[in-house]
Peer 1: 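So that we are looking at the same thing, I have put the structure below in structure tokens.
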Amino acid sequence: MANTIIERARTRPAAVIGAGTLGRRIALMLAARGGQVRLFDSNASAAQAGLDYARQTLASVVATLEGGVAGQIDSAPTLEAAIDGAWLIIEALPERLDLKIPLFGKLSQKAAPDAILATNSSSYPSSKMAAEVADKSRMLNTHFMMPPEQRAVELMSCGATRPGLMEELAGYFSTLGLSPYIAQKESIGFIENRIWAAIKREALCVAAEGVATPEVIDRIYCETQGTPMGPFRAMDRVGLDIVLQIEEHYARAYPHLPEAPRVLLKKMIAENRLGLKTGRGFYDYSEKGTAS
């Protein structure tokens, strides 16, 4: 059956819904072995920016793959045009169930009956957005990290995913130079993000308790773990508003989690210290600031 998926990828387009930071990168990877990809975003400027990025980066990604071939990436004018005949549809919208649930309802009705319906959500299991999906056997999570730099992708069942589908799709992703990992059971945050969430949360606790400053925590973390970036600088890059959304999602699922991280994040957000996007978060990114 894996060969069937690869054959479908050769003869039919894939669709990515949402052309933001990750959507455009997913489209890029799906086109790295000759695939046809349609990128759709209701925001026209985001759609164009995503298309430009994917097309400009494609050649460099193809060069890293043995047998890589530049495929075709196009921007679709409507959702219907994007999914018409698509064999794989990946949703990459913001982390809001009020957007995701109705979208998957539309996909369930309008996509090809054999189209695989996937979500790139970084924290919500696909089971939480499947209420309006008639055939849940074709639905799953495909959580991409940050390709093409980070090529790991996590696959997780919605609870009713057809047996073997995740393994077949993982085999296809491997041909694109991606590194697939399959979660054996449903997990909020999947594998890597759940571990990373615990690291971020404890780092926030250490800072909130006054044990050490964010700068000191980042320095000792980088030195001992051998990583180029500590948790606070990483949170600044993501955006503290997004970090808070994710943390609140975990707190609803696990009520025992400490409140201090959310209190600290809310205080900083109230001061418009959201990280890189506002020029100041745990670090100062303004011209007068010291952060690079």
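One is the number of the first residue; the rest follow in order along the sequence.
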Peer 1: From Ile6 CD1 over to Arg33 CZ, what is the distance, rounded to the nearest 0.5 angstrom?
Peer 2: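 Ile6 atom CD1 to Arg33 atom CZ measures 9.0 Å (nearest 0.5 Å).
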Peer 1: If every non-hydrogen atom of Met129 is compared with every non-hydrogen atom of Ser121, which pair is closest and at what distance?
Peer 2: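 In this case the closest contact between Met129 and Ser121 is CE-CB, 4.1 Å.
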Peer 1: Apply side chain to side chain contact (heavy atoms under 4.5 Å, CB included) to the pair Met146 and Thr21, showing each step before the final yes or no.
Peer 2: CA-CA 9 Å; Met146 190 64 73; Thr21 301; 3.9 Å; yes
Peer 1: Indicate, with yes or no, if Leu58 and Val16 share a hydrophobic cluster defined by side-chain heavy-atom contacts under 4.5 Å among Ile, Leu, Val, Met, Phe, Trp and Tyr.
Peer 2: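 Yes, same cluster.
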Peer 1: Which atoms form the tightest heavy-atom contact between Cys222 and Met229, and what is the distance?
Peer 2: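 That would be SG-C, 3.4 Å.
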Peer 1: Can you see which heavy atom on Phe104 is nearest to which on Ala118, and at what distance?
Peer 2: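 Smallest interatomic distance, heavy atoms only, reads CZ-O, 3.5 Å.
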Peer 1: Apply the test salt bridge (charged side-chain N to carboxylate O under 4.0 Å, His left out) to residues Lys266 and Glu259: give CA-CA distance (whole Å), side-chain angles for both, the deciding distance (0.1 Å), then the verdict.
Peer 2: CA-CA 11 Å; Lys266 288 175 183 177; Glu259 188 178 5; 5.8 Å; no
Peer 1: Say whether, by atom type as modelled, one donor and one acceptor occur between the side chain of Arg24 and the main chain of Ala54 under 3.5 angstrom.
Peer 2: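 Flag not set: sc Arg24 to bb Ala54 has no pair under 3.5 Å.
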Peer 1: Below 4.5 Å, heavy atoms only, C-beta onward: do Leu264 and Pro261 meet side chain to side chain?
Peer 2: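 Not in contact.
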Peer 1: Return yes if some donor-acceptor pair links the side-chain N/O of Arg194 with the main-chain N/O of Ile188 below 3.5 Å, else return no.
Peer 2: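 Side chain of Arg194 to backbone of Ile188: no pair is present.
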Peer 1: Just by distance, do the side chain of Asn141 and the backbone of Asn120 share a donor-acceptor pair under 3.5 Å?
Peer 2: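 No; zero donor-acceptor contacts below 3.5 Å.
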Peer 1: Kindly check if the number of other-residue, nucleotide or ligand heavy atoms within 6.0 Å of NZ (Lys128) is above 12?
Peer 2: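 Atom NZ in Lys128 is not packed in, count stays at 12 or less.
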Peer 1: Roughly how far, to the nearest 0.5 Å, is OG1 of Thr119 from NE2 of His143?
Peer 2: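 One gets 9.5 Å once the value is rounded to the nearest 0.5 Å.
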Peer 1: Would you call the rings of His256 and Tyr254 parallel, tilted or perpendicular if under 30° counts as parallel and over 60° as perpendicular?
Peer 2: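 Answer is perpendicular, since the angle exceeds 60°.
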Peer 1: Could you go through the ring pair (Phe, Tyr, Trp, His ring centres under 6.0 Å) check for Trp196 and Phe190 one step at a time?
Peer 2: CA-CA 10 Å; Trp196 178 237; Phe190 314 100; over 10 Å; no
Peer 1: Which atoms form the tightest heavy-atom contact between Pro102 and Glu132, and what is the distance?
Peer 2: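 In this case the closest contact between Pro102 and Glu132 is CA-OE1, 3.8 Å.
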Peer 1: Is the shortest heavy-atom distance from the side chain of Val37 to the side chain of Leu28 under 4.5 Å?
Peer 2: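 Sidechains of Leu28 and Val37: no contact.
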Peer 1: Taking the six-membered ring of Tyr285, is NZ or CZ of Arg280 closer than 6.0 Å to its centre and within 45° of its axis?
Peer 2: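 That pair does not qualify as a cation-pi contact.
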Peer 1: To the nearest 0.5 Å, tell me how far Arg273 CZ sits from Leu265 CG.
Peer 2: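 The CG atom of Leu265 is 11.0 Å from CZ of Arg273, to the nearest 0.5 Å.
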Peer 1: Between Asp41 and Ile17, is there a side-chain heavy-atom distance shorter than 4.5 Å?
Peer 2: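 Side-chain contact under 4.5 Å: no.
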Peer 1: Taking all non-hydrogen atoms of both residues, which atom of Ala130 and which atom of Lys136 are closest, and how far apart?
Peer 2: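 Closest heavy-atom pair between Ala130 and Lys136: O-CE, 3.1 Å.
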Peer 1: Is any side-chain heavy atom of Asp114 closer than 4.5 Å to a side-chain heavy atom of Trp87?
Peer 2: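 Result no, sub-4.5 Å side-chain heavy-atom pair not found.
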Peer 1: Would you confirm whether Ser187, through its side chain, and Gly189, through its main-chain N or O, come within 3.5 Å as a donor-acceptor pair?
Peer 2: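 Checked: no pair found.
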Peer 1: Between Asp236 and Lys277, does any side-chain N to carboxylate O distance fall below 4.0 Å?
Peer 2: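 A salt bridge is absent here (no side-chain N lies under 4.0 Å from a carboxylate O).
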Peer 1: Hey, does the side chain of Asp52 reach the backbone of Ala47 with a donor-acceptor pair shorter than 3.5 angstrom?
Peer 2: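 Such a contact is absent between Asp52 side chain and Ala47 backbone.
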Peer 1: Counting distance only, does the side-chain N/O of Thr161 pair as donor-acceptor with the main-chain N or O of Met139 below 3.5 Å?
Peer 2: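 Yes, because the side chain of Thr161 sits within donor-acceptor range (under 3.5 Å) of the backbone of Met139.
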Peer 1: Got His249 and Tyr124 here, is their nearest side-chain heavy-atom distance under 4.5 Å?
Peer 2: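 In short, these two side chains touch, coming nearer than 4.5 Å.
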Peer 1: Do Val153 and Leu22 sit in one hydrophobic cluster, given that two such residues count as connected whenever their side-chain heavy atoms are within less than 4.5 Å of each other, even indirectly?
Peer 2: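 No, because Val153 and Leu22 fall into different hydrophobic clusters, even though each may have its own neighbours under 4.5 Å.
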Peer 1: Looking at side-chain heavy atoms only, is the closest gap between Phe232 and Thr213 below 4.5 Å?
Peer 2: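 Phe232 does not reach Thr213 side chain to side chain.
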Peer 1: One pair to check against side chain to side chain contact (heavy atoms under 4.5 Å, CB included): Leu276 and Tyr283. What are the steps and the verdict?
Peer 2: CA-CA 8 Å; Leu276 272 173; Tyr283 293 86; over 6 Å; no
Peer 1: Using atom types as modelled and distance alone, determine if a side-chain donor or acceptor of Arg151 lies under 3.5 Å from a backbone N or O of Ser179.
Peer 2: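 No.
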Peer 1: Using atom types as modelled and distance alone, determine if a side-chain donor or acceptor of Glu186 lies under 3.5 Å from a backbone N or O of Pro125.
Peer 2: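 Checked: no pair found.
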Peer 1: Find out if a path of hydrophobic residues (ILVMFWY) with successive side-chain heavy-atom gaps under 4.5 Å connects Ile90 to Ile83.
Peer 2: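 Different hydrophobic clusters.
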Peer 1: Any side-chain to backbone donor/acceptor pair from Glu154 onto Ile191? Under 3.5 Å, distance only.
Peer 2: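 Checked: pair present.
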Peer 1: Using the rule that two of Ile, Leu, Val, Met, Phe, Trp, Tyr join whenever any of their side-chain heavy atoms come within less than 4.5 Å, decide whether Ile116 and Val133 are in one cluster.
Peer 2: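 The answer is no; the residues belong to distinct hydrophobic clusters.
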Peer 1: With the side chain counted from C-beta on, respond yes when Leu155 and Tyr181 share a heavy-atom pair under 4.5 Å apart, and no when they do not.
Peer 2: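 Contact flag for Leu155/Tyr181 side chains = no.
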Peer 1: Give the C-alpha distance, both sets of side-chain angles, the deciding distance and a yes or no for salt bridge (charged side-chain N to carboxylate O under 4.0 Å, His left out) between Glu247 and Lys200.
Peer 2: CA-CA 9 Å; Glu247 187 59 22; Lys200 289 186 298 181; over 6 Å; no
Peer 1: Give the minimum heavy-atom separation between Lys100 and Leu93, together with the two atoms involved.
Peer 2: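 What the structure gives for the nearest pair is NZ-O, 3.2 Å.
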Peer 1: Counting N and O atoms only, with roles assigned by atom type, does the side chain of Ser286 sit under 3.5 Å from a partner on the main chain of Gly279, one being a donor and the other an acceptor?
Peer 2: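 Checking the backbone N and O of Gly279 against the side chain of Ser286, no donor-acceptor pair under 3.5 Å is found.
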Peer 1: Would you check if Met156 and Ile182 make a side-chain contact, meaning some heavy-atom pair closer than 4.5 Å?
Peer 2: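 Not in contact.
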Peer 1: From Ser75 OG over to Arg55 CZ, what is the distance, rounded to the nearest 0.5 angstrom?
Peer 2: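 Here the interatomic distance stands at 8.0 Å.
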Peer 1: Can you tell me if Leu65 has over 12 outside heavy atoms packed within less than 6.0 Å of its CG?
Peer 2: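 Enclosed.
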Peer 1: Out of curiosity, Arg12 CZ to Asp84 CG, how far, rounded to the nearest 0.5 Å?
Peer 2: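 These two atoms lie 10.0 Å from each other.
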Peer 1: Could you check whether atom CD of Glu223 has more than 12 heavy atoms from other residues, nucleotides or ligands sitting under 6.0 Å from it?
Peer 2: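 Open: at most 12 neighbouring heavy atoms sit under 6.0 Å from CD of Glu223.
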Peer 1: Check the pair Ser122, Asn193 against side chain to side chain contact (heavy atoms under 4.5 Å, CB included), reporting the backbone distance first and the verdict last.
Peer 2: CA-CA 7 Å; Ser122 63; Asn193 265 7; 3.6 Å; yes
Peer 1: What is the distance from atom CD of Glu248 to atom CZ of Arg262, rounded to the nearest 0.5 Å?
Peer 2: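 Going from the CD atom of Glu248 to the CZ atom of Arg262 covers 7.0 Å.
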Peer 1: If you apply the rule side chain to side chain contact (heavy atoms under 4.5 Å, CB included), what do you find for Asp74 with Gln72, and how did you get there?
Peer 2: CA-CA 7 Å; Asp74 296 303; Gln72 181 178 346; 2.6 Å; yes
Peer 1: Is there a continuous path of hydrophobic side-chain contacts, each under 4.5 Å between heavy atoms, that joins Phe173 to Leu117?
Peer 2: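 No, because Phe173 and Leu117 fall into different hydrophobic clusters, even though each may have its own neighbours under 4.5 Å.
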